[in-house]
Amino acid sequence: MSDDSSPMIECRELQKYYGDYHALRGIDLSIREGEFFSLLGPSGCGKTTLLRVIAGFEDISAGAVLIDGRHMEDVPANRRPTNMVFQSYAIFPHLSVAENVAFGLRRDPRPKPEKAAMVEEALEMVGLRGYGGRAAHALSGGQRQRVALARALILKPKVLLLDEPLSALDRKMREQMQVELIKLQRQVGITFVLVTHDQEEALVMSDRIAVMFEGEIAQLDEPEALYARPASRRVADFIGVMNFLPARILDEADGRATADIPGLGVVDLPEGQISRADADDSGPMIGFRPETMTLLRPGQTSQQARETGAVIDEVVYYGDMTYYDLRLDGSARLDGKARTVRISMRNVFGRDVPCVGTAVRLAWSPGSLVLFR
Amino acid sequence: MSAGRFQGGGLRAYTLFYLLFLYAPILLLPLFAFNSGTIIAFPLKGFTTDWFVQMWGNATLRRALTNSLTIAMSASVLATCFGIFAARASTRFEFPGKTGIMGFIMLPMVLPEIIVAMSLLVVLLGVGAELSILTVIIGHTLICMPYGIAILSTAFASLDRSLEEAAYDLGETKWSAFRLITLPLVMPGIISSLLISFTISLDEFIIAFFLAGNEPTLPTYIFSQLRFPKQIPMIMALGTVLVALSIILLAIGEYFRRRGIARIGGKDSGGFL
Amino acid sequence: MAKRGMDAEARQGFTLIAPPFIYALAILAAPILTILSYSFLTDGYLEVVREFTLDNYRQVWTDPIVRTVMLRSLMVSALVTLVTVVLAFPVAYYVSFMVRPERKSMWLFLITIPFWTSYLIRVFLWKVILGYNGVINSSLTGLGIIDEPLTFILYNVNSIVLTLAHAYAPFAILPIFVALEKIDRSLLEAGRDLGENRLMTFWRVTLPLAMPGVIAAVLIVFIPTIGDYVTPELIGGGKIPMIANLIQVQMLALDNRPLGSALAVTAMLVVAVVSLLFLALNRRFLKVKQ
């Protein structure tokens with residue numbers, strides 16, 4: 001029904017008020033068929049509201065939602081081609097696993113044996129073969145999650161909506177389920193829309209991510225682009241770790257800029273590396289990720305274009321990684337305040353970790369810098 | 001640690017003594033009910049079941065029993081129905097004035113019954129209504145309602161809101177989602193509410209005393225007979241039966257409450273109220 | 001338009017709450033408003049005269065009999081409340097802190113059973129226990145401990161207090177138990193870790209945190225006892241009436257509805273004032289907690 005030109009989900013100028021509270025402020029969004037799409041943001045940013053609007057649980061105050069090209073205005077949740085996996089999983093505690101999975105088939109005219117086969121197939125798909133007879137409340141968190149998935153997927157929805165589905169699991173289980181969800185999505189081939197506050201989870205699983213703050217989409221991009229070129233300082237801060245240094249803009253023309261950064265020196269920045277600053281910003285800033293700079297051992301050379309001297313202020317050892325807080329030489333040049341930046345290095349067997357107070361050299365390249373102005 | 005154990009022992013002894021105080025009247029009841037002496041005092045005379053036989057043959061008592069059962073059944077069903085509405089409204093929806101409205105509905109729980117009975121009586125007499133078991137049902141429904149709401153609110157509140165949404169999302173209508181998911185899960189609460197309301201109504205005296213007109217109910221009949229020493233042994237027999245009945249009803253209620261908790265895999269966190 | 005979502009929810013809420021709310025309005029609010037208006041009207045012979053007056057209230061506040069009964073009711077309920085709550089606290093404490101979690105509901109069940117058995121018969125049995133030829137007296141004389149039956153235990157305020165304290169015991173235990181259950185057990189360990197002994201930890205940590213439960217218990221015992229009708233009638237032998245008995249006499253026996261109404265309204269006011277006082281206390285405790 002839908003071709004490449006028409007999106008699976010389309011939100012146009014969505015507005016949502018709760019009384020005086022403006023929960024969604026003009027959401028424009030289109031999600032492609034077969035895409036694994038994430039809504040990422042801190043709690044209260046409107047991501048769950050947006051998901052519930054798509055599911056049909058919340059009315060909208062203005063705007064439109066289209067699913068598979070159809071207006072959803074008068075289509076209630078129970079007739080939308082979407083199914084949801086709830087944060088609490090909402091497994092019916094008085095029904096068995098099989099009864100839970102078969103719940104949505106109640107109005108289906110198919111004969112019983114056929115339905116039973118469908119249930120068995122759905123359970124097998126989520127790795128719960130043979131669990132049908134179990135009582136739902138006797139399941140572990142990960143198993144509940146799988147039942148919720150099977151229960152939603154058995155209805156062959158066009159879109160599967162997932163509301164923080166992994167937040168209740170412990171770290172190991174969460175990482176395992178992340179991979180399983182990606183595999184499952186590829187297997188069934190339908191659109192997944194995931195709500196999460198965990199940036200790592202969004203980066204791992206998604207084809208595209210919409211970052212939301214205060215009811216608005218701050219940036220919509222593929223994970224790599226989002227990480228490397230955050231559209232604003234706020235997005236940069238929310239996703240991973242980013243170092244910020246004040247910058248003085250020396251020259252600006254045709255979208256390119258030349259900036260003077262204390263500790264790093266004068267740098268030319270092409271168009272792709274310049275982002276908009278936030279409204280309350282204190283001035284232009286340069287940002288870079290911890291892993292984009294390399295700590296050089298004495299005598300070591302690097303392919304990277306620039307080198308800067310620094311002193312180690314703090315060492316935080318993580319086993320596979322070490323974080324170094326470094327005071328950059330000459331960083332106090334602009335306003336008398338010394339700046340520290342955080343650099344991460346993978347630990348290599350047999351090489352010792354330098355200690356606090358050591359003078360070191362940093363290698364970096366201007367291509368990893370982003371200017372927020 | 002030994003100090004703690006000593007302290008625990010002291011408290012345990014005190015608690016057991018307190019339980020004895022609570023149970024003292026109930027324990028005496030069967031003693032006098034089966035005692036052949038006509039005076040309610042020690043020493044006991046001998047064993048008899050005459051009082052039970054006498055009770056069985058008493059026509060007024062039978063009428064009182066029929067009345068009481070009719071009232072208790074009607075009041076408990078009505079109070080529980082109202083309770084379901086109120087409990088769902090208060091646990092599931094936000095609306096202006098909610099606290100005030102709920103507080104007002106729960107008011108009979110803390111209002112002296114004499115005031116409820118008297119003011120209702122004044123109005124009923126004022127509008128020329130005839131006093132009957134119907135007027136008692138009206139009063140009992142009012143005072144049972146808050147207890148029903150308290151029990152049902154706990155049942156509704158412990159329900160995950162997304163359960164109903166999930167059923168709706170899976171293609172059910174709002175009503176069928178309520179029927180298939182919510183209703184079975186709060187059923188233990190509904191049964192508890194029915195049983196508690198039934199027990200309260202069956203035992204309620206003041207409203208029945210003032211609003212029943214000439215119709216006897218069990219408590220008003222008992223009250224009228226307590227004046228006659230000759231009737232007391234039979235009342236003791238009646239009391240024994242009533243206590244046994246109450247305990248059976250409560251045990252059933254407790255059984256359903258626990259089964260309800262076990263069914264949804266919850267943790268037991270307390271008893272009635 | 002902006003508040004569409006909110007309104008839909010509010011409308012559903014109102015629709016649901018309407019049946020019980022309307023019922024309570026008709027069966028509770030309307031009658032109470034009626035006696036409120038009666039209390040300002042004049043009593044005629046066998047009827048209420050529609051003439052505004054404050055005489056009923058004047059009489060309620062000046063009549064020595066009314067004042068005696070009112071004060072007695074207050075004193076009896078205050079005593080009952082004190083006795084009930086003080087006796088109940090250790091029981092609630094024991095069940096909450098010393099009983100294994102899986103056995104708690106059994107203990108609560110045991111405590112609530114007597115409450116659900118016939119109130120009248122329970123009250124009457126206290127008369128049997130305390131009476132002139134009652135269980136206590138006949139046992140004591142039988143054992144030769146006393147020659148004459150003790151009389152200070154029946155037909156007086158003591159026996160009323162004892163009987164009511166028995167009747168309202170679970171009402172006091174349950175709220176205190178709930179408050180104690182809510183206390184984070186690590187707070188007590190913290191108290192002891194910071195150098196307090198068990199008693200001081202109880203005094204400085206447990207008791208303040210249990211206070212909301214205690215205040216709830218006080219209210220839930222005080223309010224119904226002040227309006228109790230049966231116990232003064234049966235145990236007091238009708239000789240020591242409380243306010244409920246007085247209201248009944250005025251309303252029915254003497255058929256003075258305005259005065260009866262004024263008594264009822266006054267009783268409600270007294271109850272309301274005492275309740276508000278305790279609720280204010282509770283709020284102070286809650287503020288301290290925050």
Just give me the residue among Pro175(C), Ala264(C), Pro90(C), Pro224(C) that pairs up with chain B most often, heavy atom to heavy atom, under 4.5 Å.
-> Pro90(C)
Identify which of Leu242(B), Ile247(B), Ile115(B) forms the greatest number of heavy-atom pairs closer than 4.5 Å to chain C.
-> Ile115(B)
Is there a side-chain contact between Pro112(B) and Met268(C) (heavy atoms, below 4.5 Å)?
-> no
If you measure from CD on Gln248(C) to CD1 on Ile114(B), what distance do you get to the nearest 0.5 Å?
-> 6.5 Å
Most heavy-atom pairs under 4.5 angstrom with chain B, which of Ile247(C), Val271(C), Leu87(C)?
-> Leu87(C)
How far apart are the closest heavy atoms of Pro219(B) and Leu120(C), and which atoms are they?
-> O-CD1, 3.0 Å
Closest non-hydrogen atom pair, Phe95(B) against Gly13(C) = CD2-CA, 3.7 Å
Which answer fits Leu252(C), side chain, backbone, both or neither, if we ask what part of it has an atom under 4.5 Å from a heavy atom of chain B?
-> side chain
Chain B heavy atoms under 4.5 Å from Leu219(C): which part of the residue, side chain, backbone, both or neither?
-> neither
Does Tyr23(B) OH have over 12 foreign heavy atoms under 6.0 Å away?
-> yes
Most heavy-atom pairs under 4.5 Å with chain C, out of Leu29(B), Leu125(B), Ile235(B), belong to Leu29(B)
Could you give the distance from CZ (Arg257(C)) to CG (Leu121(B)), rounded to the nearest 0.5 Å?
-> 7.0 Å
Where on Ser118(C) is there a heavy atom nearer than 4.5 Å to chain B: the side chain, the backbone, both, or neither?
-> both
In this structure, OG1 of Thr15(B) is separated from CG of Leu110(C) (nearest 0.5 Å) by 11.5 Å
Heavy-atom side-chain contact between Val122(B) and Met251(C) under 4.5 Å = yes
In terms of heavy-atom proximity below 4.5 Å to chain C, should Ile149(B) be classed as side chain, backbone, both, or neither?
-> neither
For the pair Tyr229(C) and Phe210(B), evaluate side chain to side chain contact (heavy atoms under 4.5 Å, CB included) and give the outcome as yes or no after the intermediate values.
-> CA-CA 12 Å; Tyr229(C) 176 85; Phe210(B) 293 118; 4.2 Å; yes
Smallest separation among heavy atoms of Ala89(B) and Leu16(C), with atom names = CB-CB, 3.7 Å
Answer with side chain, backbone, both or neither: which region of Val243(B) has an atom nearer than 4.5 Å to a non-hydrogen atom of chain C?
-> both
Proximity breakdown for Tyr14(B) and chain C, heavy-atom pairs closer than 4.5 Å | side chain
Is it the backbone or the side chain of Ile121(C) that comes under 4.5 Å from a heavy atom of chain B, or both, or neither?
-> side chain
Tell me, side chain or backbone of Ala26(C) under 4.5 Å from chain B's heavy atoms, or both, or neither?
-> neither
Picking from Ile35(C), Ile32(C), Val91(C), which has the most non-hydrogen pairs under 4.5 angstrom with chain B?
-> Val91(C)
Quick one: what part of Ile223(C) sits under 4.5 Å from any heavy atom of chain B, side chain, backbone, both or neither?
-> both
Region of Ala29(C) in contact with chain B, defined by heavy-atom distances below 4.5 Å | both
What part of Tyr18(B) is in contact with chain C, defined as an atom under 4.5 angstrom from a non-hydrogen atom: side chain, backbone, both or neither?
-> side chain
Is the distance between the ring centroids of Tyr23(C) and Phe82(B) under 6.0 Å?
-> yes
Under 4.5 Å to a heavy atom of chain C? For Leu19(B) that would be side chain
From CA spacing to verdict: side chain to side chain contact (heavy atoms under 4.5 Å, CB included), Phe14(C), Ile101(B) = CA-CA 10 Å; Phe14(C) 277 129; Ile101(B) 292 175; 4.1 Å; yes
Greatest number of non-hydrogen atom pairs under 4.5 angstrom with chain B, of Thr15(C), Ile17(C), Thr34(C), falls to Ile17(C)
Residue Leu120(B) versus chain C: region with a heavy atom under 4.5 Å | both
Name the region of Phe21(B), side chain, backbone, both or neither, that has any atom closer than 4.5 Å to a heavy atom of chain C.
-> both
Shortest non-hydrogen separation from Leu125(C) to Pro25(B) and the atoms involved = CD1-O, 3.2 Å
Ranking Ile26(B), Leu107(B), Leu245(B), Leu124(B) by heavy-atom pairs under 4.5 Å to chain C gives rank one to Ile26(B)
Ranking Pro20(C), Pro19(C), Gly227(C) by heavy-atom pairs under 4.5 Å to chain B gives rank one to Pro20(C)
Measure Leu16(B) against the heavy atoms of chain C and call it side chain, backbone, both or neither at under 4.5 Å.
-> side chain
So which part of Ile138(B) gets closer than 4.5 Å to some heavy atom of chain C, the side chain, the backbone, both or neither?
-> both
Could you walk me through whether Phe104(B) and Leu25(C) pass the side chain to side chain contact (heavy atoms under 4.5 Å, CB included) check?
-> CA-CA 9 Å; Phe104(B) 173 65; Leu25(C) 279 180; 3.9 Å; yes
Region of Phe97(C) in contact with chain B, defined by heavy-atom distances below 4.5 Å | neither
Do you know which of Val123(B), Ile206(B), Asp203(B) has the most heavy-atom pairs with chain C at a distance under 4.5 angstrom?
-> Asp203(B)
Rounded distance [0.5 Å steps], CZ in Phe93(B) versus CZ in Arg11(C) = 11.5 Å
Calculate, to the nearest 0.5 Å, the distance between atoms CZ and CE belonging to Phe124(C) and Met236(B) respectively.
-> 5.0 Å
For Phe205(B) and Tyr119(C), run side chain to side chain contact (heavy atoms under 4.5 Å, CB included): C-alpha distance rounded to whole Å, both residues' side-chain angles, the deciding distance at 0.1 Å, then the answer.
-> CA-CA 8 Å; Phe205(B) 168 70; Tyr119(C) 180 56; 5.7 Å; no
Gap between atom OG of Ser119(B) and atom CG of Leu28(C) - 0.5 Å precision | 7.0 Å
Among Leu111(B), Ile84(B), Leu142(B), residue most engaged with chain C (heavy-atom pairs, under 4.5 Å) = Leu142(B)
Measure distances from Ile22(C) to the heavy atoms of chain B and classify the residue's part below 4.5 Å as side chain, backbone, both or neither.
-> neither
